[in-house]
Amino acid sequence: MLKEYFIGITKEAINLSARAGKLGEMKDFEGELFCDKPKNPDFGDFAINISSLAKVARIAPPQIASAIIEQLPENDYTVSVAGGFINFKLGTKFLQNILNEVASKGENYGRTNLGGNKKVNIEYVSANPTGPFHIGHGRWAAVGSSLSDALKFAGYDVFQEFYINDAGNQIDKLGMSLELRVRELKGEKIEMPEDSYRGDYLIECAKKYIEENSSEDFSEYAKIEMLRQQKELLEQFGVHFDLFFPESDLYKNGEVETAVEKLAPYLYENEGATWFKSSEFGDVQDRVIKKADGANTYLTADIAYHYNKLKRSDELINIWGADHHGYIARIKASVEALGGDPNCVTVLLGQLVNIIQDGEAVRMGKRKTMVTLEDLIDEVGVDGVRYWMLMRSIDTMLDFDIDLAKSQSDKNPVFYVQYAYARCCSILRKAIETRFDTVDKKELAPFLTQNEFEAALKTPPTLPKSNDVDPSFKKLILKLEEFNEVIEAIARLKAPYLLCKYASELAGDFHHFYNYNRVLTEDKNETAMRICVVNCTKTVMGIVLKLIGVSAPERM
RNA sequence: GUCCACGUAGUUCAGCAGGAUAGAACGUCACCCUCCUAAGGUGAAUGUCGGGGGUUCAAAUCCCUCCGUGGACACCA
């Protein structure tokens, strides 16, 4: 990465000048330097602020900066000092190297080994198999899926998992609800109780049950049917899990029992229930593991589940809704009590999704008719929903304006980035197409022959001198280079929304470039040079769109 | 009451491992297609970065406090 390069040579230069006694009282440099891209391009392409050295050196920042730049190695850049800033302006050699790298690495451009093959288990969605997904599940599906793909790209060994809560009493309720619907369809007059699942989807399920003349247990039948529908929708949404882990398996395999036994030193009885001393491990209070009626709580199986996951992973990531925030401490407590490292568990708490309808926020769950994820995808399309759900940091509440998504779907930000990709494709197509004279309709040779075209894609022709490079051209190339940083930042911050941010910036820089530089001209060398940049943009945008989980259309 | 997240332009948000004049999109206004897709670009207007303290050469960014919004505080899952 270029930032790292400039930090490296600057550190080296600091040490050289310090040893030469040019940096006042400073002897050895300790600490960190940060390299930024100045907002104002007149300053340069990269900048390092060395003001923090003034305290140790006890001389003014500009003086320090001037001493440092004398020790910088020769390369194709120019350096200037402004206050405490050392500004670097790149020559074309750097730009050329960037293009070479994108061209040679292709769809692997930006891939790193940062993760060192660390085994990361990422669990998300994990909805109850008691009904269709709602809009909120869509957010975790999009975020989890893109984060997984980005982490793979950053060199992690990622395993995506969906936990099926199929062992609690809500499954009994589901079965009871289905049974009532079946009896209703057979002509019986029934009343759906308060605590039953009253959504219409169970009527459909009941019809199927009757059609198939099934005699299966109602709970089992409904569960399998709901799960089948959920898996189908996830597939349609482009979300792929490596494993659907049923909670009931933990009981079948005796893993819940084993976990409880291992937890024994921290268990006690009170008022007929069994409690886990989670407060000893930082939780605000102790938690019930076995209720007075003898049944386990949801937590009990979840403890066993995390124990199971930890045995086969180096790190666990859970994506949960903000309403589960109180749950983190008890899970981490159990991990520690079972001898694991609670720091291996990262919980990403995502704020909930608000539905905006008729210009008003409707809190989820308070609606009379729930908007399902499936409905939303039908209305807006997979691309729109995935982009929209991923676009914002999970720390902020997401307002999903249904009317806006429906009525102004062409205003959807995903079009902006897809359009940039389509534009690239279009230019590349046109470069080798036969042309016709606009006046006399005579056939003209393509801008580039097939050979010239392929050569341009492989290696960029020599770029003009730095001063003659169009600013928008340079900015675009530097944005391509920035992709490396974006991948690194996503892995570090576990913030996949940065993909959307980058995609939109890259698209912006490309559209800007497009408006200032005619790509296809009679000047073959210039055409080849620009074709190369267009192709590199297409490559990088293609990678990003794939990670975001939306399509990369060649035409729009 | 305790815990978590958030509060930046009319609106939705970015920026927050402190740094050079606080950015984008949408909306408003004015421009740019004889030629590669105008689903695009350029320019203009709009800000007490919730209030108040503090740390620092430097604070939207870090700390404290107050206010506001959403969420969580089960022998539910």
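So that the names make sense, note that chain A is the first sequence line, chain B the second, and so on, each numbered from 1.
- Across all strands shown, Ala422(A) has heavy atoms under 4.0 Å from base atoms, whether or not it also approaches the sugar-phosphate.
- Within 4.0 Å (heavy atoms only), Gly326(A) reaches sugar-phosphate atoms of the nucleic acid but no base atom.
- As rounded to whole Å, 20 Å separates atom P of G70(B) from atom CZ of Arg392(A).
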Step-by-step salt bridge (charged side-chain N to carboxylate O under 4.0 Å, His left out) determination, Glu336(A) to Lys332(A): CA-CA 6 Å; Glu336(A) 196 173 349; Lys332(A) 289 204 172 197; over 6 Å; no

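- Here Tyr502(A) and Phe483(A) bring their ring centres to under 6.0 angstrom of each other.
- Protein atom OH of Tyr514(A) is 12 Å distant from nucleotide atom P of G40(B), rounded to whole Å.
- Note on Glu271(A): a base of the nucleic acid sits closer than 4.0 angstrom, heavy atoms only.
- Asn169(A) comes within 4.0 angstrom of sugar-phosphate atoms only, judged by non-hydrogen atoms across all strands, and of no base.
- Here Arg518(A) lies in heavy-atom contact (under 4.0 Å) with a base.
- Residue Tyr497(A) is classed as a sugar-phosphate contact, given heavy-atom separations below 4.0 Å to backbone atoms only.
- When heavy atoms are screened at a 4.0 angstrom cut-off, Ser393(A) is found touching the sugar-phosphate backbone but no base atom.
- Residue Leu498(A) has its side chain nearest to G15(B) when only A77(B), C13(B), G15(B) are considered.
- If you check G71(B), G19(B), G41(B) against the side chain of Phe85(A), the one that comes closest is G19(B).
- Remark: His325(A) is not in phosphate contact with C73(B), judged by side-chain N or O atoms under 4.0 Å from OP1 or OP2.
- Within 4.0 Å of Arg492(A), counting heavy atoms only, lies at least one base atom of the nucleic acid.
- Between Lys39(A) and the phosphate of A20(B), there is a side-chain N or O to OP1/OP2 separation shorter than 4.0 Å.
- Checked against A39(B), G15(B), A77(B), the side chain of Phe415(A) finds its nearest nucleotide in A39(B).
- Asn87(A) comes within 4.0 angstrom of a nucleotide base, judged by non-hydrogen atoms across all strands.
- In this structure, Arg423(A) reaches the A38(B) phosphate: one of its side-chain N or O atoms is under 4.0 Å from OP1 or OP2.
- Seen from the ring of Phe473(A), Arg530(A) does not count as a face-on cation partner, given the 6.0 Å and 45° thresholds.
- At a cut-off of 3.5 Å, with distance as the only test, no side-chain donor of Gln351(A) or Asp395(A) sits close to an acceptor on the other residue.
- Residue Pro413(A) is classed as having no contact, given no heavy-atom separation below 4.0 Å to the nucleic acid.
- For Met556(A), counting side-chain heavy atoms from C-beta on, the closest listed nucleotide (G71(B), A39(B), G41(B)) is A39(B).
- Of the candidates A14(B), G71(B), A5(B), the closest approach to any side-chain atom of Leu352(A) belongs to G71(B).
- Side-chain N/O atoms of Lys291(A) include one lying less than 4.0 angstrom from OP1 or OP2 on C76(B).
- Base engagement by Asn517(A) is indicated by at least one non-hydrogen atom pair under 4.0 Å involving a base atom.
- Of the residues Ile477(A), Thr537(A), Val519(A), the one that meets the side chain to side chain contact (heavy atoms under 4.5 Å, CB included) test with Phe513(A) is Val519(A).
- Across all strands shown, Ala431(A) has no heavy atoms under 4.0 Å from either base or sugar-phosphate atoms.
- Counting non-hydrogen atoms under 4.0 angstrom, Asp509(A) reaches nothing in the nucleic acid.
- Judged purely by distance below 3.5 Å, without hydrogens or angles, the side chains of Lys223(A) and Asn128(A) never pair a donor atom with an acceptor atom.
- With G40(B), C36(B), C4(B) as the choices, the nucleotide that has an atom nearest any side-chain atom of Tyr416(A) turns out to be G40(B).
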